[in-house]
2 protein chains.
Amino acid sequence: MSSSKLLKGSLATIVLRLLEEQEKMYGYEITQKVKQLTAGEFKLTEGALYPTLHKLEAEGYLTTETQQVDGRVRKYYSLTKEGNAEAKAKVSELEDFLVNLQKVLNPKLGLG
Amino acid sequence: MSSSKLLKGSLATIVLRLLEEQEKMYGYEITQKVKQLTAGEFKLTEGALYPTLHKLEAEGYLTTETQQVDGRVRKYYSLTKEGNAEAKAKVSELEDFLVNLQKVLNPKLGLG
DNA sequence: CAAGTATACCTAATTTTCTTATGTATAAGA
DNA sequence: TCTTATACATAAGAAAATTAGGTATACTTG
């Protein structure tokens with residue numbers, strides 16, 4: 001993901017989370033959705049996104065379905081049953097991480 | 001940082017932030033401080049921390065001062081003037097990132 | 001007093017996960 | 001016709017960790 005090269009490691013979680021919200025999405029759609037949600041501040045790069053999707057599929061968390069729309073191919077991804085569980089796990093893990101990160105960045109709040 | 005290999009890229013920010021709070025810290029002290037602040041959930045690995053400290057020093061953001069305490073050597077790090085500015089910048093950048101990440105993880109809140 | 005744990009520094013090899021660059025192809029708009 | 005948008009993909013390189021190893025001193029415990 002571009003726009004600050006932060007948070008390496010959260011891309012798979014983001015993908016899984018979006019697919020919890022929306023049953024089926026294709027790669028390009030995911031890039032646009034993230035851009036929209038963050039008012040253009042996150043720009044997923046294709047070089048990061050596609051390998052991540054392929055990896056999640058290989059791990060059994062996503063299934064694909066190809067459709068032809070307006071003469072262009074779209075590859076739709078959906079969560080498998082395992083993917084659903086993984087989504088919950090990863091999101092929860094990330095949220096725990098963020099809570100702890102806040103404790104480090106803002107020590108006063110956590111100890112007051 | 002261990003404990004979930006998330007957030008690659010936030011370690012330098014954490015170090016700079018801690019040195020804003022506390023004038024001088026040495027490496028081992030930083031690992032213990034982070035452990036304490038997160039109730040043991042973040043464990044900085046030395047293989048990540050020391051290279052990060054060296055890099056920040058090489059970039060001119062930290063200065064060092066070695067002390068002998070109880071027969072052991074401690075290398076204290078402090079922010080330079082540039083380091084102080086960099087700390088503010090990095091923390092601000094990370095916080096912006098976290099706000100956007102929340103928008104992606106929790107779309108409902110951001111759009112409601 | 002020997003052994004293990006804690007303190008305190010360090011580096012190297014490897015892995016993970018990005019960015020950057022490139023390639024293919026179709027559709028729409030200027 | 002040329003550029004932008006849509007839509008997929010891979011490969012080379014960089015960044016930033018993990019894992020594993022190394023050195024050394026001090027304290028605790030059996």
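Below, chain A is the first sequence line, B the second, and so on; all start at residue 1.
- Evaluated for a side-chain hydrogen bond (donor to acceptor under 3.5 Å, both in side chains) with B/Glu29, the options B/Arg74, B/Lys24, B/Gln22 yield exactly one hit, B/Gln22.
- Considering only the side chain of B/Gln32, C/dT7 comes nearest among C/dT7, C/dT20, C/dT11.
- Using a cut-off of 4.0 Å between Lys/Arg side-chain N and Asp/Glu carboxylate O, A/Glu93 and A/Lys90 are scored as not salt-bridged.
- Using a 4.0 Å heavy-atom cutoff across all strands shown, B/Gly27 reaches sugar-phosphate atoms only and no base atom.
- Across every non-hydrogen atom of A/Thr52 and A/Ala12, the tightest pair is CG2-CA, 3.9 Å.
- Residue contacts for A/Arg74: at a heavy-atom cut-off of 4.0 Å it reaches the sugar-phosphate backbone alone, with no base atom in range.
- Atom-to-atom, CG of B/Leu56 to C1' of D/dA16 comes out at 13 Å; the value is rounded to the nearest Å.
- Closest-nucleotide positions on DNA chain C for A/Leu49 and B/Tyr26 were compared, and the one nearer the 5' end corresponds to B/Tyr26.
- For the OP1/OP2 pair of C/dC9 and a distance below 4.0 Å, the side-chain nitrogens and oxygens of B/Tyr50 include at least one atom meeting the criterion.
- Distance B/Ile14 CD1 to D/dA16 P: 14 Å, rounded to the nearest Å.
- Contact check, A/Lys55 against C/dT17: a side-chain N or O comes under 4.0 Å of OP1 or OP2.
- Considering only the side chain of B/Ala48, D/dA17 comes nearest among D/dA9, D/dA17, C/dA27.
- Going from atom CD of B/Glu65 over to atom OH of B/Tyr77 covers 12.0 Å, rounded to the nearest 0.5 Å.
- No donor-acceptor pair closer than 3.5 Å links the side chain of B/Thr64 to the backbone N or O of B/Tyr76.
- Between the CD atom of B/Gln67 and the P atom of C/dT7 there is a distance of 18 Å, given to the nearest Å.
- A straight line from NZ of A/Lys43 to P of C/dC18 spans 17 Å, rounded to a whole angstrom.
- Taking atom OH on B/Tyr28 and atom P on C/dA8, their separation rounds to 7 Å, with Å as the unit.
- Atom C1' of nucleotide D/dA20 and atom CD of B/Glu46 are separated by 12 Å, given to the nearest angstrom.
- The separation between B/Arg72 atom CZ and C/dA8 atom C1' is 7 Å, rounded to whole Å.
- Contact annotation: B/His54 reaches the phosphate of C/dT11 (side-chain N/O to OP1 or OP2, under 4.0 Å).
- Closest to the B/Lys75 side chain, of the nucleotides D/dA17, C/dC10, D/dA7, is C/dC10.
- Following rounding to the nearest Å, B/Tyr76 (OH) and C/dT7 (C1') show an atom-to-atom distance of 12 Å.
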